[in-house]
Amino acid sequence: MKIFKSKKKKTVLVCCGTGCLANNSLEIYKELKRKAEISGINVKIRPAVKATGCNGLCEKGPIVKIYPDDIFYCNVKVSDVDEIIDRTIKNDEVIDRLLYLDTSTGKRVKSHKDSKFYGKQTKIVLRNIGEVDPASIEDYIERGGYQALKKALSDLSPGDVISEIKKSGLRGRGGAGYPTGSKWEQCDKANNFPKYVVCNGDEGDPGAFMDRSIMEGDPHSVIEGMLICAYAVRAEQGYAYIRDEYSLAIENMSKAIEQAKKRGFLGSNILNKGFNFDIQIVRGGGAFVCGESTALMSSIEGNVGEPRIKYIHSTERGLWEHPTVLNNVETWANVPVIIDKGAEWFNSIGTERSKGTKVFSLVGKVNNTGLIEVPMGMTLKEIIFDIGGGIPGSKKFKAVQTGGPSGGCIPESLVDLKVDFDSLDEAGSMMGSGGMIVMDEDTCMVEVARYYLNFLSEESCGKCVPCREGIKRMLGIVDGICSGRGQEEDIDLLFELSETIKEASLCGLGKTAPNPVITTIKYFREEYLEHIINKRCPAGTCKELINYYIDEDICKGCGLCQKNCPSGAISGQLKSKYTIDISKCAKCGVCRDVCKFKAVKIKGGVAK
Amino acid sequence: MNIVIDGKECRAEHGEYILDVAKRNGIHIPALCHSEALPGQGNCRMCIVEIIDNSRRKIVTSCSYPITKEIEVVTCSEKIKKMRKTIMRLISARAPSSDLIKQLSEEYDLPPETKFKIDKEEKCILCGLCVRACGEVGAHAISTVNRGTIKKVSTPFEETPPECIGCGACAYVCPTGAIEIEEHQGKRTIWNKTFELLKCTGCGDYFMTQEQYEYIKNKKGIAIDGLLCDKCRKKSTGEKLKEALCNVVIKGK
């Protein structure tokens, strides 16, 4: 038990990001606040208890931080509140059992900065998240918020702003990596008013929550980014398109817009500089395709969310046929820092053609799942093993999927790949918006391809033939392979369809849709062939190709499997060997999950 | 400006679409979702061509790619041919029941489909022309509904559409004959709705629904000069014109 001395006023930050909220962090916040007020703490040191956005280490939530002593508590429960108040707040003691356990050293660390998870990160976009109360514009201003806007309006001409963003080398974080400065410049050159500035908050990739966390945890940085762009391209109206499922993001963005209006950062004659700008929130209806820029604009206009032909750029003819700058949430959050600290500073971070940092949501078979921000050029190995803490349960790392349904699977052999826009493209994947799904040896790569095809077949808008019909047919083929009906010529047919879908589809959704299939065939062809020729699923996940059985030599006869089997397929007597009736087995895998002795095994059977 | 299509120099206006220029110059580019009366949609993707701009090759849909500079267009490269065949196979697997699609499948030398599951009854290729035409007329009685593989053309809530005026524009533009329109004893049935037809005062043929007549006259405010079918109107206009010309000639004398 360490004792520290601190006479400064304490601030207690309770993570109220979506992950921690789901684990009851709001109750912890309320309880801390209540106890702090009634516990008789001397008024001078009464702590300020604040609810913040996501700290990133969602795996270890709920998270409570205490400043200025820089204490980081994880997995906090409501029942821990009394102890935190009594020991840490009143008596300056650190509660060891609540500290983060660094598995590589076996030691507990007091400050989050001492852990590998945070130590290797560079927080630019996430600079305020977990540190400020998103509902408080004062918190944002205290940390330098709206200074970049002041600087832009007072010291820089619109042209200066654009050239600063161009010099910074910032590329769009929404997926394609288009140079942000060039986009603004094109819009600036278009002489057709009014112009619009749009924020794409329609994050829809499975397993991705970067934009959500930014909007929830630091909405003002997005607003400030949009304001700076509006000043640069001379736009007066902005739209923030946020998917309706993100209720907390919508709530926090709405509050932030109201506060910014009250403070004179939004509205007419902003900062007395004669500049007008307003932002309206548009709630998306939950179609994945509406993350595509032109579909998003159609949706704002009140039309069906289908992509438009974009041989003429949106910067020239976008929303309501007017010049429009559309950037992703993360791109917007980068802008104020670039203006504040300068292009050169930003340019010094990252790789030659990918500057700055990238936020990833690190999920799947990895120990530290959560939200991370790393400089461009960090290797996959560092991300997955140092920050992510490796693969749980001593399983082997197999592949990582980046870029969501538009991206691809990168195999273990490329683990030293430096992550940036171009290297991921070369590997057949893409940066996408920043989802990173880690897979271990139990993941079937054919099944992964099937999952994404299924997702895309439902989420394609259905407007153009290659995407709608092509994905459907690819799904049919991969479905067949997964269920033992695959034929050797299927792989060629998949490639043939992929080529047409990639080249001839109308929008980015179709043009990238075959990536998961192409990369899994490229790096895991053997696994496909094993399914096709030997009708075997090496990972043991394709239900129609496997059977469960109980290894008699290991079974202790505890009966747990029988108790949990939902289809009544397991028979046997306590303290004797149990068996599975294959004809009744639904292959759900519950028996395997509950068996403490690892007696339930998978046999790569032949399809019926 | 001049552009080159398949080696042929063609005159083109700024903003004109490749497909239109090609057509004017007798160069055939296949297209299934294109109608001269409507703007290009780029849905069927059959009209893809390769454009070469500053020695960079790119695939675009000719129905909707506006010409803004002097480019070279290749309409039938090996790559394009291969892709068109794949697209045709996908369309054919979707709508094998349409006569046009059957005919095109033969033209593209497609073997009978054995790999993909097909719906033998289906004729619609979801080109979207019907929806577009209905919108242009102003009725907005039909739309595409759903997305992805379950997308289809439908009336609101799949009920008889109150907005439909029975003009038949949707069925007229449909390239695959997927929209059923039936005319029998002075009645027209379309989208599950039956309309009374009006007779042409010239030839006596049924030609227009009562709702269509009302719509043009009242909603669009277009004055209708007598109830004449297309043929008779042309004839009558011709006669009037002839008469007027004669008068001019006589007066001139």
Side-chain angles (χ1 to χ4, degrees), chain A residues 285-290 295 303-312 316-317 453-477 479-480 485 487 489-490 492-507 509-511 513, chain B residues 15 17-18 32-33 39-51 57-68 79-80 82-95 113-118 122 125-128 131 135 143-153:
Chain A
F288 175 69
V289 72
C290 284
N303 298 318
V304 178
E306 283 178 359
R308 303 195 281 231
I309 292 152
K310 44 180 177 185
Y311 296 129
I312 298 169
E316 202 179 313
R317 226 185 277 167
L453 284 172
N454 186 46
F455 177 85
L456 289 164
S457 74
E458 285 171 6
E459 291 298 338
S460 157
C461 81
K463 188 175 156 102
C464 78
V465 170
C467 179
R468 182 190 66 235
E469 302 296 327
I471 293 172
K472 175 168 118 186
R473 297 309 179 184
M474 284 180 79
L475 174 62
I477 297 167
D479 255 342
R485 286 177 280 110
Q487 292 162 314
E489 60 270 24
D490 284 355
D492 288 339
L493 184 54
L494 283 172
F495 274 125
E496 187 188 318
L497 289 169
S498 295
E499 188 193 10
T500 303
I501 299 170
K502 265 178 104 92
E503 294 261 18
S505 288
L506 192 151
C507 81
L509 189 149
K511 283 180 193 295
Chain B
Y17 299 112
I18 296 172
L32 281 167
C33 71
Q41 309 182 96
N43 289 355
C44 75
R45 317 304 282 180
M46 283 297 281
C47 73
I48 48 169
V49 295
E50 271 190 276
I51 59 165
R57 293 176 92 95
K58 194 162 93 176
I59 291 174
V60 303
T61 42
S62 58
C63 71
S64 45
Y65 188 87
I67 298 158
T68 53
K79 192 176 180 180
I80 293 288
K82 197 177 156 202
M83 279 185 196
R84 264 192 211 135
K85 191 168 174 177
T86 306
I87 295 171
M88 199 55 232
R89 180 177 175 187
L90 290 170
I91 294 175
S92 168
R94 179 192 164 84
E113 188 58 68
T114 53
K115 184 77 193 170
F116 303 147
K117 266 190 200 155
I118 55 170
E122 186 62 81
I125 59 166
L126 279 175
C127 71
V131 175
S143 172
T144 54
V145 295
N146 302 332
R147 61 174 180 264
T149 42
I150 54 165
K151 187 174 187 133
K152 60 179 180 180
V153 174

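Owing to the predicted nature of the structure, the values given are computational and were not obtained by experimental measurement. Sequence lines set the chain letters: A, B, ... in the order given, protein chains first and strands last, and positions in each chain run from 1.
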Open item on the list: Please classify the contact between A:Ile477 and chain B as side chain, backbone, both or neither, with a heavy-atom cut-off of under 4.5 Å.
Closed with: side chain
Task: Contact origin within A:Ile312 toward chain B - heavy atom pairs under 4.5 Å - done: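 Side chain of A:Ile312 only, per the 4.5 Å heavy-atom cut-off to chain B.
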Heavy-atom pairs under 4.5 Å with chain B, option from [options] with the top count:
{"options": "A:Glu499, A:Glu503, A:Glu489", "answer": "A:Glu503"}
{"options": "A:Glu496, A:Lys472, A:Glu459", "answer": "A:Glu459"}
{"options": "A:Glu306, A:Glu458, A:Arg468", "answer": "A:Arg468"}
{"options": "A:Cys467, A:Gly305, A:Pro466", "answer": "A:Pro466"}

Task: Residue pair B:Gly42 / A:Cys464: nearest heavy atoms and the distance that separates them - done: O-CB, 4.3 Å
- [ ] Among A:Leu493, A:Val465, A:Ile501, A:Leu497, find the one that has a side-chain contact (heavy atoms from CB on, under 4.5 Å) with B:Thr86.
- [x] A:Leu497
- [ ] Measure distances from B:Ile125 to the heavy atoms of chain A and classify the residue's part below 4.5 Å as side chain, backbone, both or neither.
- [x] backbone
TODO: Please flag which part of B:Arg89 lies under 4.5 Å from any non-hydrogen atom of chain A: side chain, backbone, both or neither.
DONE: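 Only the side chain of B:Arg89 comes within 4.5 Å of chain A.
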TODO: Could you pull out all residues at least two apart from A:Arg308 that satisfy salt bridge (charged side-chain N to carboxylate O under 4.0 Å, His left out)?
DONE: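 For A:Arg308 the salt bridge (charged side-chain N to carboxylate O under 4.0 Å, His left out) partners, ignoring immediate neighbours, are A:Glu301.
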Open item on the list: Can a donor-acceptor pair be found, under 3.5 Å and without considering hydrogens, that links the side chain of B:Arg147 to the backbone of A:Ser457?
Closed with: no
Among the listed options [options], the residue most often paired with chain A at heavy-atom distances under 4.5 Å:
{"options": "B:Met46, B:Gln41, B:Lys58", "result": "B:Gln41"}
{"options": "B:Ser64, B:Ser143, B:Gly128", "result": "B:Ser64"}
{"options": "B:Ile91, B:Thr144, B:Leu126", "result": "B:Leu126"}

Once rounded to the nearest 0.5 Å, what's the spacing between atom [atom1] of [X] and atom [atom2] of [Y]?
{"X": "B:Asn43", "Y": "A:Ile309", "atom1": "CG", "atom2": "CD1", "value": "7.0 Å"}
{"X": "A:Thr500", "Y": "B:Leu90", "atom1": "OG1", "atom2": "CG", "value": "7.5 Å"}
{"X": "B:Arg45", "Y": "A:Lys463", "atom1": "CZ", "atom2": "NZ", "value": "9.0 Å"}
{"X": "B:Ser92", "Y": "A:Glu469", "atom1": "OG", "atom2": "CD", "value": "10.5 Å"}
{"X": "B:Ile59", "Y": "A:Ser505", "atom1": "CD1", "atom2": "OG", "value": "11.0 Å"}

Open item on the list: Is it true that B:Thr61 and A:Tyr311 share a donor-acceptor pair across their side chains at a distance under 3.5 Å?
Closed with: yes
Open item on the list: Suppose we screen for side chain to side chain donor-acceptor pair (under 3.5 Å). Which residues come up paired with B:Lys115, at least two apart in sequence or across chains?
Closed with: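 Scan of B:Lys115 (side chain to side chain donor-acceptor pair (under 3.5 Å), adjacent residues dropped) gives A:Gln487, A:Asp490.
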